[in-house]
Peer 1: 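Before we start, here is the structure in question, set down as structure tokens.
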Number of protein chains: 2
Amino acid sequence: MAKKVPVIEDHSTEDKIKNAARKVFTQKGFAAARTRDIAEEAGINLALLNYYFRSKEKLFDIVMKETMQQFVVAMKDVFNNENTSLIEKVEAMVENYIALFKAQPNIPLFVLSEMRTRPDKFASTIGIKEVLLTSHFFRQIVQVTKGRINPLHFVINLIGLTVFPFIASPLLKNIGDMDSTQFDALMQERKKLIPEWIQAIIKTM
Amino acid sequence: MAKKVPVIEDHSTEDKIKNAARKVFTQKGFAAARTRDIAEEAGINLALLNYYFRSKEKLFDIVMKETMQQFVVAMKDVFNNENTSLIEKVEAMVENYIALFKAQPNIPLFVLSEMRTRPDKFASTIGIKEVLLTSHFFRQIVQVTKGRINPLHFVINLIGLTVFPFIASPLLKNIGDMDSTQFDALMQERKKLIPEWIQAIIKTM
DNA sequence: AATCGATTTAAACAAATGATTAAATCAAAA
DNA sequence: TTTTGATTTAATCATTTGTTTAAATCGATT
């Protein structure tokens, strides 16, 4: 059934701090996150944070780097599988990302926020860009959209349909009068629906 | 051609501060925005900010309230026009929101970020909820999706396809190797494309 | 011109916050 | 047991930042 999204265990103090930082940073963003929040969340003394990671900034860099890697790791194999159709790749992507964000719902908004407010931190984005543009997946998109429209539209649509609901979840929960469980159920439905919608969109291209 | 999105003039000192606040808040978010940034942007002394608005918090509340109202104002008429089809409403919405966010690209991420990190500020969201759920637009959606799927999926898809690219614009500009002008052109294309895609999606529903 | 209230400024205050220090504790090696 | 280095803590520092204060300036009214 639902795939297990691995959560890094926090046996060592270092991991305790890193996991607490991940939680506080993704929830509040870099600026609003206080080192004292992180220390408390980790159940350690404030000075320990600096002892292990030198500074809030350095701790953030590590958390962000690991977060970004999740995106690539989760997808690299799917992207480059030469034996699957475009729609099969779409199905796998939607499945994987919805599972990932069900476990860590704050990540999309966190990443995109920091990307806007602190673009300097994202030389690592180049990794994602390269992985995407050189992938079998992207070649299949170019084939489908050939000449007629910018293949980026396809990427935007796929990511948008998948990720946007997580970004807007407080608003959507309010509008739809849902709690987190009901929201998760809605996202489960989308695992099946999004590939169908993408299929329909392709036919117009 | 392109609609003029009105920008509030800043003749009075009060408006100068409010416009500067809007700019800094939407760019950096509440937590990262410093009152000194806002004062400098407005070209006024720091104390004036508190003289006119009492506190950073109160100034934020006003900016946020006005920002939220833009959403409703831009759409209320379209939503409740009983003489247009669902697709015609979709066309109008996409047109209006893309024009709005072309002029103020940071607004979507700003609103959704603050909505997550400071949900208390959003009793005003109820306004949007009511406007949507009681609208002719929503009744048309219910008709289309009748029984088969949650009408919220339709809303998510429409808003997602329209708004998500603005939220992810730094990432998309990087991937597509675009500057702001090229990005705007891509969004112009989407004005025509999104209604076609929504049409295709409806057929699967 | 004198007055009076609104506006603006420079300076300072107080709290919050990232970072450091020096000492205490612990765990393993000798 | 003693020693030694790693780990942890309490306390403090230095800076940033939201806010306030008291004085200066401006503009209109008398």
Side-chain angles (χ1 to χ4, degrees), chain A residues 8-67 106 110 113-114 116-121, chain B residues 8-67 106 110 113-114 116-121:
Chain A
I8 294 128
E9 300 287 342
D10 46 348
H11 293 306
S12 68
T13 300
E14 203 170 328
D15 283 342
K16 265 198 288 188
I17 297 172
K18 219 155 66 176
N19 282 334
R22 194 188 331 278
K23 184 170 176 183
V24 176
F25 277 139
T26 54
Q27 223 162 55
K28 313 219 234 182
F30 178 82
R34 288 171 301 165
T35 53
R36 283 167 174 79
D37 295 335
I38 298 172
E40 192 186 6
E41 176 72 35
I44 52 104
N45 185 284
L46 172 59
L48 262 184
L49 189 152
N50 290 291
Y51 174 74
Y52 278 105
F53 295 96
R54 299 279 303 166
S55 73
K56 180 187 179 184
E57 186 90 14
K58 295 235 173 64
L59 178 54
F60 174 85
D61 289 347
I62 291 170
V63 168
M64 178 57 80
K65 188 175 177 182
E66 289 185 3
T67 302
N106 293 318
F110 166 65
S113 289
E114 300 300 332
R116 180 178 310 265
T117 52
R118 321 177 68 233
D120 40 306
K121 291 287 161 211
Chain B
I8 293 130
E9 300 288 343
D10 45 347
H11 293 306
S12 69
T13 300
E14 204 171 326
D15 282 342
K16 265 197 289 188
I17 296 172
K18 218 155 68 174
N19 282 336
R22 193 188 331 278
K23 183 170 174 182
V24 176
F25 277 140
T26 55
Q27 224 162 56
K28 312 218 234 181
F30 178 82
R34 287 171 302 165
T35 52
R36 282 165 174 81
D37 296 334
I38 298 172
E40 192 186 6
E41 176 72 35
I44 54 106
N45 186 283
L46 173 58
L48 262 184
L49 189 152
N50 290 289
Y51 175 74
Y52 278 105
F53 295 95
R54 300 280 303 166
S55 74
K56 179 187 179 184
E57 186 90 14
K58 295 233 174 64
L59 178 55
F60 174 84
D61 289 347
I62 290 170
V63 168
M64 178 57 81
K65 189 176 178 182
E66 290 185 3
T67 301
N106 292 319
F110 167 65
S113 289
E114 300 299 331
R116 180 178 310 264
T117 52
R118 322 177 67 232
D120 41 305
K121 291 288 160 209

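Lettering of chains follows the sequences in order, A, B, ..., and the numbering in each one begins at 1.
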Peer 1: Does atom CD of A/Glu40 have more than 12 heavy-atom neighbours from other groups under 6.0 Å away?
Peer 2: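 No.
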Peer 1: Is the positively charged end of B/Arg118 above the ring of B/Phe60, judged by distance under 6.0 angstrom from the centroid and angle within 45° of the axis?
Peer 2: yes
Peer 1: Grab the CG-C1' distance between B/Leu49 and D/dT21 for me, whole Å please.
Peer 2: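 B/Leu49 atom CG is separated from D/dT21 atom C1' by 16 Å.
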Peer 1: Kindly say if A/Thr13 contacts the phosphate of D/dT8, meaning a side-chain N or O under 4.0 Å from OP1 or OP2.
Peer 2: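 Looking at the OP1 and OP2 atoms of D/dT8, one of them is under 4.0 Å from a side-chain N or O of A/Thr13.
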Peer 1: Just checking A/Ala32: base, sugar-phosphate only, or nothing, at a heavy-atom cut-off of under 4.0 Å?
Peer 2: nothing
Peer 1: Which part of the nucleic acid does A/Ala39 contact within heavy-atom distance under 4.0 Å: base, sugar-phosphate only, or nothing?
Peer 2: nothing
Peer 1: Would you mind reading off the distance between B/Glu40 atom CD and D/dT17 atom P, rounded to a whole angstrom?
Peer 2: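 Whole-Å distance recorded here is 12 Å.
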Peer 1: Looking at C/dT20, D/dT19, C/dA19, which one has an atom nearest to any side-chain atom of A/Arg36?
Peer 2: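 The answer is C/dA19, which lies nearest to the side chain.
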Peer 1: Counting any heavy atom closer than 4.0 Å, what does B/Leu46 reach on the DNA or RNA strands: base, sugar-phosphate only, or nothing?
Peer 2: base
Peer 1: Using atom NZ of B/Lys28 as one end and atom P of D/dG18 as the other, report the distance to the nearest whole Å.
Peer 2: 10 Å
Peer 1: Identify whether any heavy atom of A/Phe53 sits under 4.0 Å from a base atom; if not, whether one sits that close to sugar-phosphate; answer base, sugar-phosphate or nothing.
Peer 2: nothing
Peer 1: With a cut-off of less than 4.0 Å, is there a side-chain N or O of A/Tyr52 near OP1 or OP2 of D/dT8?
Peer 2: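 Indeed, a polar side-chain atom of A/Tyr52 lies that close.
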Peer 1: Can we say B/Arg36 and B/Glu41 salt-bridge, meaning some charged N sits less than 4.0 Å from an Asp/Glu carboxylate O?
Peer 2: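 Salt bridge absent between B/Arg36 and B/Glu41.
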Peer 1: Report yes if a side-chain nitrogen or oxygen of B/Asn50 is closer than 4.0 Å to either non-bridging phosphate oxygen (OP1 or OP2) of D/dG18; otherwise report no.
Peer 2: no
Peer 1: Rounded off to whole Å, could you give me the NZ-to-P distance for the B/Lys56 and C/dA15 pair?
Peer 2: 18 Å
Peer 1: Between C/dA10, D/dA10, C/dA19, which nucleotide gets closest to the side-chain atoms of A/Asn45?
Peer 2: D/dA10
Peer 1: Side chain of A/Thr35 only, please: which of C/dA19, C/dT7, D/dA10 is the nearest?
Peer 2: C/dA19
Peer 1: Atom CD1 of B/Ile17 to atom C1' of C/dT9: distance rounded to whole Å?
Peer 2: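 So the CD1-C1' distance, B/Ile17 to C/dT9, works out to 13 Å.
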Peer 1: Using 0.5 Å steps for rounding, measure from the NZ atom of B/Lys56 to the CG atom of B/Asp61.
Peer 2: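 Rounded to the nearest 0.5 Å, the NZ-CG separation comes to 12.0 Å.
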Peer 1: Using the closest heavy atom to pick a nucleotide of DNA chain C for each, name whichever of A/Tyr51 or A/Arg34 lands nearer the 5' end.
Peer 2: A/Arg34
